[in-house]
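To keep things clear, I will list the structure first and then write my remarks on it.
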Amino acid sequence: MKQRVRIAGVGGAGLVTDTGPSLLGQNALTEGYNWAVEGNSVRSMLQDWKLFDLDIKPLWQFAWATPLGVQKLFVSDGVVVYLYDMDGTYIDVTPEDGLTTGATINFTNLNSVAVMNSTLDGPFYYDTPDEQLKPLPGWDADWTCNYMAAVRYYLVALGMTEDGDYFPHKVRWSTAAADGEIPTIWAPAADNFAGDDLLGESEGAAIGATLWRDNLFVLKEDAVYSGVNIGGQYVFQFQRLSGEYGISDARSVCEVKGGVAVATSDDLLLFDGTQWQSLAADKVRRYLREASNGIGHVLYYPAQSWVVLMVDNQGTGRPEIALVFDLLSGQWFPKLLGYSYGACLAFVGDREQKDWLSFQANAADTAWWVSAVADEAIGEEVAEYYEANLTRTGIPLGEGSGKAMLHRAWVEFRGPSSGAQCSFGVQDYLDGDVSWSDWQDISEDASFPLRALGRFGAFRYRYEGRDPWRLDGISLEWSPAGDR
């Protein structure tokens, strides 16, 4: 007797790599890229639109708005620093004495003044149009730090080197700055609010930070601290949060809706102010461990409520995949990045919300550009087509350990009349090869005759194009082997 298995909301459970296929919910996917979860279905991913070419390799990037609200982008290759307008024009704002090659660079914003820190050359600031970055006043010329952050009216330096001695746990903060200005005093004294502290309860160095509410979350290589501006004699109070973590990149933390996201060597953690929650466990942790060449840069994209984790799965220093966690659905899905050096949020044109910008390169790393990830054409197409694919294997068929004959499949599809294809298959063993049918074009609510014998069913889907599409369900008709 023929039976039918309907997978409602195909893909609605997102990407899952940690659980064996036979134990997955039917609407989880085991492979694929360039698709997103929406509601209880899977749909086309937002696309990349090239905004303008870059003249230097975008190793370090920062979106900054002038006091008048004009959107600009700082880009540095570690040797020079360019300040780009959103039309691709730029000025060279490299410090007068240049930059030392090999430094790690980060940017922050204090009172609409852009501050850049080089781990080898120290901090600089930019607040005057068409001028170069200038050394930060009051900063000792024999000091450097791993990272510079801004909180309220203060600058905070993490991981200090002073007069040639390295203090990886040391935190320094400036005195308070007036509105629209930068601080000028870093040496603590009885008549100012500058100060320092040691975060020495763990061995790792202080390497990065982000703001959440009024807290400054400080990243160490093995711990996370919360710093609060308490005023008075002590100015800042730092408290270590529970847990030990493997953190390698200053960009491994970002503020998200309802908390702070931190990427570790094998997880993405969300802190809600009270406790930590693993977002990768039992879903994609195995994927992260296998891609341990580089897990770091985290971005929150509020327009979609996405936490974006850029994964350098090939060890090139240019992440090629973004694992996206949807805070609304609680599901993971993957997006191809090409070769991306980093990401930020910025206003493009007169759009009302900030877009996710990606700083990309070609395979040879000889050309670079800025792309926006959006659901409409706001730039030039990055490629002639935009390929998506998804796969699910290990769907139990038959009864017990017996085999089943797969007779027919139905696809609940909404999308373009060309460019979308599907294929169906069977497996004798969960880890065994899949015997796939030929690729067949899909039309809306299409059905396909099949004749294949196996213990487990499988399906796959691909699309080349830029039109939106959606998969709502797939049905498989089968009967126990030997039935007529």
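What's counted below: heavy atoms across the whole structure, side chains too, no hydrogens, waters or symmetry copies. Treat the numbers as computed from the prediction; the structure is a model and nothing was measured.
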Could you state the interatomic distance from [atom1] ([X]) to [atom2] ([Y]), rounded to the nearest 0.5 Å?
{"X": "K283", "Y": "L323", "atom1": "NZ", "atom2": "CG", "result": "12.5 Å"}
{"X": "L309", "Y": "H297", "atom1": "CG", "atom2": "NE2", "result": "10.0 Å"}
{"X": "T119", "Y": "M148", "atom1": "OG1", "atom2": "CE", "result": "12.0 Å"}
{"X": "I56", "Y": "D92", "atom1": "CD1", "atom2": "CG", "result": "8.0 Å"}
{"X": "Y341", "Y": "L59", "atom1": "OH", "atom2": "CG", "result": "5.5 Å"}
{"X": "H169", "Y": "L158", "atom1": "NE2", "atom2": "CG", "result": "13.0 Å"}

Where is the tightest heavy-atom contact between [X] and [Y], given as atom of each residue plus distance?
{"X": "A194", "Y": "P188", "answer": "O-CB, 3.5 Å"}
{"X": "W356", "Y": "Y301", "answer": "N-CE1, 3.7 Å"}
{"X": "S76", "Y": "V81", "answer": "OG-CG2, 3.8 Å"}
{"X": "A178", "Y": "N111", "answer": "O-ND2, 3.3 Å"}
{"X": "L216", "Y": "A209", "answer": "CD1-CB, 3.9 Å"}
{"X": "G78", "Y": "L99", "answer": "O-CB, 3.7 Å"}

Residues that [X] engages under side chain to side chain contact (heavy atoms under 4.5 Å, CB included), provided they are two or more places apart:
{"X": "T100", "result": "L120, D121"}
{"X": "T89", "result": "D85, D87"}
{"X": "A63", "result": "Q71, L73, C344, A346"}
{"X": "L269", "result": "Y245, T264, D267, W276, S278"}

With F217 via ring pair (Phe, Tyr, Trp, His ring centres under 6.0 Å) - residues at least two apart: W212, F271

Is there a donor-acceptor contact under 3.5 Å from the side chain of [X] to the main chain of [Y]?
{"X": "Q360", "Y": "V370", "answer": "no"}
{"X": "Q427", "Y": "G394", "answer": "yes"}
{"X": "R286", "Y": "T17", "answer": "yes"}
{"X": "R318", "Y": "N362", "answer": "yes"}
{"X": "N34", "Y": "M45", "answer": "no"}
{"X": "D18", "Y": "D282", "answer": "yes"}
{"X": "Q61", "Y": "P58", "answer": "yes"}

Enclosure of F238 CZ (heavy-atom neighbours >12, cutoff 6.0 Å): yes

Heavy atoms of other groups near E203 CD, more than 12 under 6.0 Å: no

Test item: side-chain donor near acceptor, N215 and S226, under 3.5 Å: yes

Residues D312 and Y339: side-chain donor-acceptor under 3.5 angstrom: no

Candidate pair V260 and T210, rule side chain to side chain contact (heavy atoms under 4.5 Å, CB included), full reasoning: CA-CA 8 Å; V260 173; T210 194; 4.1 Å; yes

Is it true that [X] and [Y] make a salt bridge, defined as a side-chain N closer than 4.0 Å to a carboxylate O?
{"X": "E255", "Y": "R213", "result": "no"}
{"X": "K57", "Y": "D365", "result": "yes"}
{"X": "E320", "Y": "K335", "result": "no"}
{"X": "R240", "Y": "E201", "result": "no"}

Test side chain to side chain contact (heavy atoms under 4.5 Å, CB included) applied to L24 and T30, step by step: CA-CA 9 Å; L24 288 179; T30 50; 3.8 Å; yes

Stepwise side chain to side chain contact (heavy atoms under 4.5 Å, CB included) check, V235 with N229: CA-CA 6 Å; V235 187; N229 176 225; 3.8 Å; yes

Working for side chain to side chain donor-acceptor pair (under 3.5 Å), residues S358 and S340: CA-CA 6 Å; S358 180; S340 180; 3.0 Å; yes

Working for side chain to side chain contact (heavy atoms under 4.5 Å, CB included), residues R460 and R392: CA-CA 6 Å; R460 55 185 180 177; R392 172 59 200 271; over 6 Å; no

W64 and F74 aromatic ring geometry - parallel, tilted or perpendicular at 30°/60° bounds: tilted

Stepwise side chain to side chain donor-acceptor pair (under 3.5 Å) check, K220 with S202: CA-CA 8 Å; K220 298 185 68 178; S202 67; 3.2 Å; yes

Ring center gap for Y154 and W173 short of 6.0 angstrom: no

Centroid-centroid distance, F333 to Y33, less than 6.0 Å: no

Criterion side chain to side chain donor-acceptor pair (under 3.5 Å) on D165 and T161, from CA distance to verdict: CA-CA 5 Å; D165 295 322; T161 298; over 6 Å; no

Close side-chain approach of F459 and V10, heavy atoms under 4.5 Å: yes

Side chain to side chain donor-acceptor pair (under 3.5 Å) assessment of D55 paired with Y84: CA-CA 10 Å; D55 299 83; Y84 281 86; 3.1 Å; yes

side-chain contact (heavy atoms from CB on, under 4.5 Å) partner of N117, the single match among I105, L155, N106, T104: N106

Which pairs would a plain distance check flag for residues 132-139, meaning a side-chain donor or acceptor within less than 3.5 Å of a matching protein atom at least two apart in sequence or in another chain?
unit_1 : atom_1 : unit_2 : atom_2 : d
Q132   : NE2    : T94    : O      : 3.0
K134   : NZ     : E131   : OE1    : 3.0
W139   : NE1    : W143   : O      : 3.0

